[in-house]
Amino acid sequence: MPIAESEVLADTLSLSVSVNGKAIPVTSLQYKAVINTARKIRFTVMGDEFIQMCALGSKVEIRAGRSGTISNLHFMGIIREANPADVGAEIIAMDYITLLATSAL
């Protein structure tokens, strides 16, 4: 009789993060969406090369899903904050709806 095994979501999640069209590795990722506000992505990068790629105003595109062909999350936005840490930096990006709010002022 076969043993039933469950898949761990982190092992089956396909994640792609790119900044200005160049793929970067991330060590953590948080996603927040609230009605009538911009979606916010917070991720951590390591290494000077990748930190320098994450300049304010850079275009961020993130795709995440159960496989390479299924993308449950497709985020496109711009980097609004870069917070240096002891090892790496925490990057905060918001989708393009934030531009609508600032252009109306």
Side-chain angles (χ1 to χ4, degrees):
M1 184 167 155
I3 298 173
E5 293 183 17
S6 64
E7 293 180 325
V8 177
L9 183 59
D11 292 337
T12 61
L13 184 67
S14 174
L15 178 65
S16 168
V17 179
S18 64
V19 176
N20 290 332
K22 297 179 182 172
I24 63 167
V26 298
T27 57
S28 69
L29 179 85
Q30 295 176 347
Y31 173 78
K32 183 177 179 182
V34 180
I35 296 173
N36 294 330
T37 61
R39 295 183 301 160
K40 182 190 278 189
I41 292 269
R42 179 184 309 251
F43 59 91
T44 305
V45 295
M46 305 296 224
D48 291 336
E49 176 187 354
F50 299 116
I51 293 170
Q52 291 176 9
M53 288 175 61
C54 296
L56 296 180
S58 296
K59 178 183 171 186
V60 175
E61 185 170 3
I62 298 174
R63 290 182 182 266
R66 295 284 302 209
S67 69
T69 58
I70 299 171
S71 180
N72 301 86
L73 171 66
H74 184 197
F75 175 89
M76 291 178 61
I78 56 173
I79 294 177
R80 300 294 293 227
E81 288 183 41
N83 303 314
D86 292 336
V87 288
E90 179 185 65
I91 309 300
I92 299 174
M94 295 183 182
D95 66 2
Y96 291 115
I97 199 164
T98 58
L99 299 176
L100 295 174
T102 57
S103 64
L105 297 176

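Values in this document were obtained by computation on a predicted structure and should not be read as measured data.
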Exercise. Apply side-chain contact (heavy atoms from CB on, under 4.5 Å) to the pair Thr37 and Ile97, showing each step before the final yes or no.
Key: CA-CA 8 Å; Thr37 61; Ile97 199 164; over 6 Å; no
Quiz item: Is Met53 linked to Val87 within one hydrophobic cluster, defined over Ile, Leu, Val, Met, Phe, Trp and Tyr using a side-chain heavy-atom separation of less than 4.5 Å?
Solution: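 The answer is no; the residues belong to distinct hydrophobic clusters.
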Quiz prompt | Shared hydrophobic cluster for Ile51 and Ile92 (ILVMFWY, side-chain gaps under 4.5 Å) | solution =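 In one cluster with Ile51: Ile92, no.
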With rounding to the nearest 0.5 angstrom, report the [atom1] to [atom2] distance, [X] to [Y].
X	Y	atom1	atom2	answer
Ile41	Met94	CD1	CE	11.0 Å
Ser14	Arg63	OG	CZ	10.5 Å
Met76	Ile62	CE	CD1	11.5 Å
Gln30	Phe43	CD	CZ	12.0 Å

Taking all non-hydrogen atoms of both residues into account, name the closest pair between [X] and [Y] and its distance.
X	Y	answer
Cys54	Ile24	SG-CD1, 3.9 Å
Ser58	Asn20	OG-ND2, 3.4 Å
Ala23	Phe50	O-CE2, 4.4 Å
Pro25	Val45	O-CG1, 3.9 Å
Ile91	Ala82	CD1-CB, 3.9 Å
Tyr96	Lys59	OH-CG, 3.5 Å

Self-check item: Set of side-chain hydrogen bond (donor to acceptor under 3.5 Å, both in side chains) partners for Thr44, sequence neighbours left out
Solution: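 Partners of Thr44 by the side-chain hydrogen bond (donor to acceptor under 3.5 Å, both in side chains) criterion, ordered by chain and then number, come out as Ser28.
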Practice problem: Sequence neighbours left out, what passes side-chain hydrogen bond (donor to acceptor under 3.5 Å, both in side chains) with Gln52? Give chain and number order. | Solution: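 side-chain hydrogen bond (donor to acceptor under 3.5 Å, both in side chains) check on Gln52 returns nothing, list empty.
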Practice problem: Begin with the C-alpha distance, continue with both residues' side-chain angles, and end with the deciding distance and a verdict on side-chain contact (heavy atoms from CB on, under 4.5 Å) for Val26 and Leu15. | Solution: CA-CA 9 Å; Val26 298; Leu15 178 65; 3.9 Å; yes
Exercise. Applying side chain to side chain contact (heavy atoms under 4.5 Å, CB included) between Val60 and each of Ile78, Ile79, Asp95, report the one that passes.
Key: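 Exactly one pass, corresponding to Ile79.
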Quiz item: Please walk me through it: do Tyr31 and Leu29 pass side-chain contact (heavy atoms from CB on, under 4.5 Å)?
Solution: CA-CA 7 Å; Tyr31 173 78; Leu29 179 85; 5.7 Å; no
Exercise. Not counting sequence neighbours, list each pair that qualifies as a salt bridge (charged side-chain N to carboxylate O under 4.0 Å, His left out) and has a residue in residues 82-94.
Key: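 Pairs touching residues 82-94 that pass the test: Arg42-Glu90.
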